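Taking it in order: structure first as structure tokens, then the write-up.
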Amino acid sequence: NGYTYEKDGALWYKGTALGEEKDEVLVRANGISTYFAADIAYHYDKLVTRSFDKAINVWGADHHGHVARMKTAMTALGLDASKLDVVLMQLVKLIGDAKDENGNVILDESGKPKKTEIRMSKRTGKAIQLVDLLDEIPIDAARFFFNTREPNTHLIFDLDLAIQENSENPVYYVQYAHARICSILRALAEEGTELKEDISLYNFTAPEEFALVTELAKFPGEIEESVKTYDPSRITKYAIEVATMFHKFYNACRVRGESEEIVAARTALCAATKTVIKNVLTMLKVSVPESM
């Protein structure tokens with residue numbers, strides 16, 4: 001398309017013709033192509049040869065300057081540059097409980113464990129690899145924690161929090177809500193209470209019931225917004241909110257020991273919450289325990 005030229009034995013990309021600050025080498029004088037040439041070839045193969053509608057690249061934040069250059073290269077190929085979307089990921093900082101020389105956890109002024117940054121990998125001595133991380137924490141925690149922040153924000157990953165089995169650990173908190181509902185439904189089934197398909201929402205009167213129903217109704221919209229913004233953290237935040245709304249509902253409203261109509265309505269609400277939590281965790285490939 002006229003956007004290359006030869007100079008000093010090398011093949012150059014005429015980026016300045018498309019508004020870039022400078023031209024770039026595609027093939028060096030020694031015949032070896034540059035990374036930029038490989039990137040262009042990759043996107044040509046995906047968007048032209050294989051006719052993909054869109055390419056979504058996930059890059060480190062240090063490559064932000066490469067985004068505009070790749071988009072103008074798409075224009076040089078005769079493509080619509082909007083077919084290329086780039087998600088920039090920020091760095092992850094790993095922290096853990098600070099310990100003294102005897103291995104005892106150091107507490108801060110409030111009595112909570114003092115945190116310290118974990119810098120080195122046991123294997124390479126340079127950077128912590130995912131395989132190192134999975135030696136320390138469950139894979140469920142890794143999958144959930146890495147999706148709790150938007151791509152363009154820094155993630156502080158607390159290794160000690162990730163292995164805690166209490167409500168401070170977000171993945172445990174959501175899994176526990178599901179397990180708790182399973183326990184409730186089992187107890188109701190043993191008493192002969194069956195889940196009814198047609199229930200009246202008019203049997204809901206407590207604000208905690210309406211809050212939970214409202215939250216469950218948001219699920220399809222949260223998926224759509226997560227897709228549009230390339231932000232899976234919306235889903236984990238939503239799961240935590242559903243679990244929170246359920247715990248508030250359960251603490252305020254008795255599922256058992258009420259009239260038949262109210263028991264049926266609240267049983268259905270528990271079952272609907274269980275379905276939503278299961279769908280969210282399954283989407284993230286996080287296990288869905290029925291007892292904990």
Side-chain angles (χ1 to χ4, degrees), residues 56 58 87 89-90 92 94-95 130 133-134 136-186 195 204 206-253 255 266-292:
I56 304 172
V58 181
V87 179
M89 301 291 292
Q90 294 291 339
V92 177
L94 296 180
I95 63 172
L130 189 57
L133 189 64
L134 293 178
E136 307 294 331
I137 65 168
I139 192 169
D140 282 351
R143 285 174 170 158
F144 200 93
F145 274 54
F146 275 118
N147 280 306
T148 55
R149 291 289 183 274
E150 298 172 13
N152 59 358
T153 60
H154 290 272
L155 170 63
I156 298 177
F157 198 117
D158 189 332
L159 293 179
D160 290 287
L161 178 61
I163 60 174
Q164 287 182 21
E165 296 185 352
N166 57 38
S167 60
E168 292 185 14
N169 180 345
V171 65
Y172 182 91
Y173 182 66
V174 175
Q175 289 174 321
Y176 178 72
H178 182 272
R180 191 177 198 180
I181 296 170
C182 290
S183 176
I184 294 168
L185 295 178
R186 281 195 300 267
L195 183 63
F204 294 137
E208 291 82 5
E209 292 172 314
F210 289 117
L212 181 54
V213 169
T214 301
E215 197 63 36
L216 296 179
K218 294 177 183 178
F219 188 32
E222 288 296 327
I223 294 175
E224 289 181 6
E225 286 303 313
S226 181
V227 170
K228 288 177 183 176
T229 58
Y230 305 147
D231 180 16
S233 73
R234 292 186 67 103
I235 301 300
T236 50
K237 292 171 185 173
Y238 173 74
I240 294 168
E241 189 62 23
V242 168
T244 300
M245 291 295 103
F246 171 75
H247 290 308
K248 288 181 177 178
F249 153 76
Y250 186 70
N251 291 333
C253 305
V255 180
R266 290 177 177 172
T267 299
L269 183 53
C270 287
T273 305
K274 172 179 174 288
T275 298
V276 168
I277 293 176
K278 181 178 180 180
N279 286 344
V280 172
L281 294 180
T282 301
M283 189 187 307
L284 298 169
K285 293 190 177 180
V286 172
S287 62
V288 191
E290 296 190 357
S291 61
M292 292 176 73

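For clarity, every value in this text was computed on a predicted model and none was experimentally measured. Throughout, residue positions are numbered sequentially from 1 according to the sequence presented.
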[X] (side chain) donor-acceptor with [Y] (main chain) under 3.5 angstrom:
X	Y	answer
H178	P289	yes
R266	C253	no
S183	A179	no
S233	N147	no

Distance, nearest 0.5 Å, that separates [atom1] of [X] from [atom2] of [Y]:
X	Y	atom1	atom2	answer
E224	T229	CD	OG1	11.5 Å
F145	I137	CZ	CD1	7.5 Å
D158	I163	CG	CD1	9.0 Å
E225	D231	CD	CG	10.0 Å
L216	T275	CG	OG1	9.5 Å
E215	L212	CD	CG	8.0 Å

Determine the minimum heavy-atom distance between [X] and [Y], stating which atoms define it.
X	Y	answer
A177	I277	CB-CD1, 3.9 Å
L269	V213	CD1-CG2, 3.7 Å
P170	I240	CB-CD1, 3.7 Å
A162	N169	O-ND2, 3.1 Å
Q175	V286	NE2-CG1, 3.6 Å

Practice problem: Step through the shown structure and confirm whether more than 12 heavy atoms of other residues, nucleotides or ligands are within 6.0 Å of CZ on F146. | Solution: yes
Exercise. Flag yes if more than 12 heavy atoms outside K248 fall under 6.0 Å of its NZ atom; otherwise flag no.
Key: no
Quiz item: For S287 and D140, does a side-chain donor sit closer than 3.5 Å to a side-chain acceptor?
Solution: yes
Quiz item: Any side-chain donor-acceptor pair under 3.5 Å between N166 and E168?
Solution: no
Are the side chains of [X] and [Y] in touch, meaning some heavy atoms are under 4.5 Å apart?
X	Y	result
K228	R234	no
V242	T273	yes
M292	Y172	yes
T244	Y173	yes
K218	T214	yes
C270	V255	yes
V280	F219	yes
R180	H247	yes

Practice problem: Go through the steps for I181 and Y250 under the test side-chain contact (heavy atoms from CB on, under 4.5 Å), then give the verdict. | Solution: CA-CA 9 Å; I181 296 170; Y250 186 70; over 6 Å; no
Exercise. Would you sort out whether R149 and Q90 count as a side-chain contact (heavy atoms from CB on, under 4.5 Å), showing the intermediate values?
Key: CA-CA 10 Å; R149 291 289 183 274; Q90 294 291 339; over 6 Å; no
